[in-house]
Amino acid sequence: MTSSEGGAAGTEEGGGRGGSGFGVGGTVTAGNGGSFAGTAGLGGTAGAPLGGTGGGGTAGTGAGVPDGWFCAVTAYADGKCDCGCGARDSDCKKTDIDHCERCNASGSCAGTNAQCPARINAMDTTKCIPSPPGWSCANSLYSDGKTCNCGCGAPDPDCKDATGDSCDSCNDSGACSHAQCPSSIDPDDNSACYVPPEWTCGNFSYGDELCDCGCGVPDPKCANETDAACDYCSSSSCTAGYGCQDRIDPTDNTKCKTPPPQWRCTARLYNDKSHCDCGCGAPDPDCASLDVADCDTCNATGSCSGLECPGLVNPDDNWSCVRPDQVPDGWTCPEYAYGDGYNCDCGCGVMDADCHGTELDACTTCSNCSTAQDCQNTVLATDITQCRPAPDGWTCARAQYHDGYSCDCGCGILDPDCSSDKPSVCSSCPLEGCTVGKCSHLSANDNTTCSVVVPSTWTCNRAYYADGTCDCGCGTFDDHDCASQNLEDCQICDDDGSCSSVTCKATNSLIDPTDNSTCVSN
């Protein structure tokens, strides 16, 4: 049997591997070496049964690239001095920049468009001069010697001046604009973009490839001011979609004929050629600017402000509102609820800036008066900042009385939400009531009272009385939890409200040894 052929030539990483022979006296030829330096190929397996001769692969003859080289392998030792590749090319006989022959090999930090000396570091030609702080585009685009790249956060030295007219490329990855020049590039500072403050659509849509309409100011991509020029209406203008001419003012394509979806005020107020209505969720074309000073009305029905101008209207974007830094004195509801731009909160002690009027119909929430938000039956009609009082004898929070939601027990009188006075019907035992949150404290046949009552002289947290733990120094003997009045039976002596500030086992304990409800004199 003839011997098998040798292995294939080695890869760039090493030499070839010898073939495997099989047969009587078979031989195995050696693998050819790779074109780049590497280890020798492995010998082939000897033939059987008498055994052939294993071939030995020869080492590659090519030169390997040095550590740190990140340009194309084929650029190394190819007869040209390549620079900016992370390591020195063996073709470079000297290290000064004048000997660089190629600065744009694939992978070079100078970029594929760069011509020597490009951005090669004069002190170390294996490296490039870094792009400046703020540069947001690819490092290789900065000062590549060919293209003026704009909108990249810092001036490109390839630009003849700082104007937008100098730009060659405006929509590189990382640039602030997303369209061909001039796009939204600032005419006087081509490192940045300029979007007029009155533009109400997305910033990336200004000066892109489409004529965007209904955005408050003209899009530079629109051929003229008519609706016929429109390509697109964004979701922040007049109902998003292509071919939106039927929704745009025929002679002024910066305005919509009908309110955009975000408009929350009465539709007839939008672009009525009369008043600048603010706080309505979208800019009113009747406003000369987005400054609150141009607003005529700030508290129309649907506005995020219930107060007259300036009210809660955003000073710089008069279609929206800002929450006040502080809530007024006397506000008893959560701070976040005041002037949140959404709900008229009633029963909060003072008028909410979100309320459009002083009638009950204005109220949308009333958490202080009703956990079920039944404002019509729980807010005081003559003063919507107050709750209707609960009947005499009710000891729990006003919001829990007849809220239409839960049967609250242990509150002194029967909750109308309870189907009977039996403890079995109770769904809640509020902390404020006699139960201190424990329905087990209720009387056996009367869910308005308790069989376990916290003494009026108890000075610690009411929930700690008869809770299974012997609390001491609380002004009254915890007779449900303590085996005796002796100090040795105390478990906790330093509750808030206790006369002692140290633990029961402390050597300096002040608890009276024979009357653990009190402390001894210092």
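For the single chain, residues carry numbers from 1 onward in sequence order.
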Using every non-hydrogen atom in the two residues, find where [X] and [Y] come nearest and quote the distance to one decimal.
{"X": "C170", "Y": "A179", "result": "CB-O, 3.7 Å"}
{"X": "G207", "Y": "P220", "result": "CA-CG, 3.8 Å"}
{"X": "A175", "Y": "C137", "result": "N-SG, 3.7 Å"}
{"X": "C265", "Y": "L269", "result": "CB-CD1, 4.4 Å"}
{"X": "P324", "Y": "G339", "result": "CD-O, 4.2 Å"}
{"X": "T126", "Y": "R88", "result": "CG2-N, 3.5 Å"}

Can a donor-acceptor pair be found, under 3.5 Å and without considering hydrogens, that links the side chain of [X] to the backbone of [Y]?
{"X": "N253", "Y": "D227", "value": "no"}
{"X": "T297", "Y": "N299", "value": "no"}
{"X": "D156", "Y": "Y142", "value": "no"}
{"X": "D219", "Y": "D212", "value": "yes"}
{"X": "Q262", "Y": "A282", "value": "no"}
{"X": "T163", "Y": "D188", "value": "no"}
{"X": "S136", "Y": "G174", "value": "yes"}
{"X": "S305", "Y": "L312", "value": "yes"}
{"X": "R323", "Y": "Y338", "value": "yes"}
{"X": "T364", "Y": "C344", "value": "yes"}

For [X] and [Y], is the interatomic SG distance under 2.5 angstrom?
{"X": "C244", "Y": "C230", "value": "no"}
{"X": "C298", "Y": "C309", "value": "yes"}
{"X": "C346", "Y": "C355", "value": "no"}
{"X": "C150", "Y": "C167", "value": "yes"}
{"X": "C375", "Y": "C363", "value": "no"}
{"X": "C233", "Y": "C213", "value": "no"}
{"X": "C81", "Y": "C100", "value": "no"}
{"X": "C276", "Y": "C287", "value": "yes"}

[X] side chain to [Y] side chain, donor-acceptor N/O pair below 3.5 angstrom:
{"X": "S191", "Y": "D189", "result": "yes"}
{"X": "N203", "Y": "S205", "result": "no"}
{"X": "D291", "Y": "S289", "result": "no"}
{"X": "D403", "Y": "S370", "result": "no"}
{"X": "D168", "Y": "T147", "result": "no"}
{"X": "N271", "Y": "K273", "result": "yes"}
{"X": "S166", "Y": "D161", "result": "yes"}
{"X": "D172", "Y": "S169", "result": "yes"}

Mind checking whether [X] and [Y] have side chains closer than 4.5 Å, heavy atoms only?
{"X": "C159", "Y": "N190", "result": "yes"}
{"X": "W135", "Y": "L141", "result": "yes"}
{"X": "D272", "Y": "D277", "result": "yes"}
{"X": "W199", "Y": "P197", "result": "no"}
{"X": "Y242", "Y": "L210", "result": "yes"}
{"X": "C304", "Y": "Y342", "result": "no"}
{"X": "D494", "Y": "I492", "result": "yes"}
{"X": "D354", "Y": "N343", "result": "no"}

**OP:** Could you give me the CA-CA distance, side-chain angles and deciding distance for Q373 and T365, then say whether side-chain contact (heavy atoms from CB on, under 4.5 Å) is met?
**Re:** CA-CA 6 Å; Q373 306 295 355; T365 59; 3.7 Å; yes
I need the [X] [atom1] to [Y] [atom2] distance, nearest 0.5 Å.
{"X": "C152", "Y": "N149", "atom1": "SG", "atom2": "CG", "value": "5.5 Å"}
{"X": "S177", "Y": "D186", "atom1": "OG", "atom2": "CG", "value": "11.5 Å"}
{"X": "I97", "Y": "C103", "atom1": "CD1", "atom2": "SG", "value": "7.0 Å"}
{"X": "N318", "Y": "D294", "atom1": "CG", "atom2": "CG", "value": "7.5 Å"}
{"X": "S428", "Y": "Q400", "atom1": "OG", "atom2": "CD", "value": "5.5 Å"}
{"X": "I120", "Y": "C83", "atom1": "CD1", "atom2": "SG", "value": "5.5 Å"}

Is atom [atom1] of [X] surrounded by more than 12 heavy atoms (other residues, nucleotides or ligands) closer than 6.0 Å?
{"X": "Q180", "atom1": "CD", "result": "no"}
{"X": "E209", "atom1": "CD", "result": "yes"}
{"X": "D496", "atom1": "CG", "result": "no"}

**OP:** Give the intermediate values and the outcome of side chain to side chain donor-acceptor pair (under 3.5 Å) for residues N368 and T332.
**Re:** CA-CA 8 Å; N368 276 0; T332 57; 3.0 Å; yes
**OP:** Start with the C-alpha distance between D286 and Y270, add both sets of side-chain angles, then the distance that settles side-chain contact (heavy atoms from CB on, under 4.5 Å), and finish with yes or no.
**Re:** CA-CA 8 Å; D286 298 312; Y270 181 82; over 6 Å; no
**OP:** Dump the intermediate steps for side-chain contact (heavy atoms from CB on, under 4.5 Å) on Y464 and T469, then the final yes or no.
**Re:** CA-CA 7 Å; Y464 296 165; T469 300; over 6 Å; no
Original post:
Which is it for D345 and W331 under the side-chain contact (heavy atoms from CB on, under 4.5 Å) test, yes or no, and what are the steps along the way?
Top reply: CA-CA 10 Å; D345 295 275; W331 179 261; 4.0 Å; yes
**OP:** Give the intermediate values and the outcome of salt bridge (Lys or Arg N to Asp or Glu O under 4.0 Å) for residues R102 and D82.
**Re:** CA-CA 5 Å; R102 184 165 54 193; D82 290 277; 2.5 Å; yes
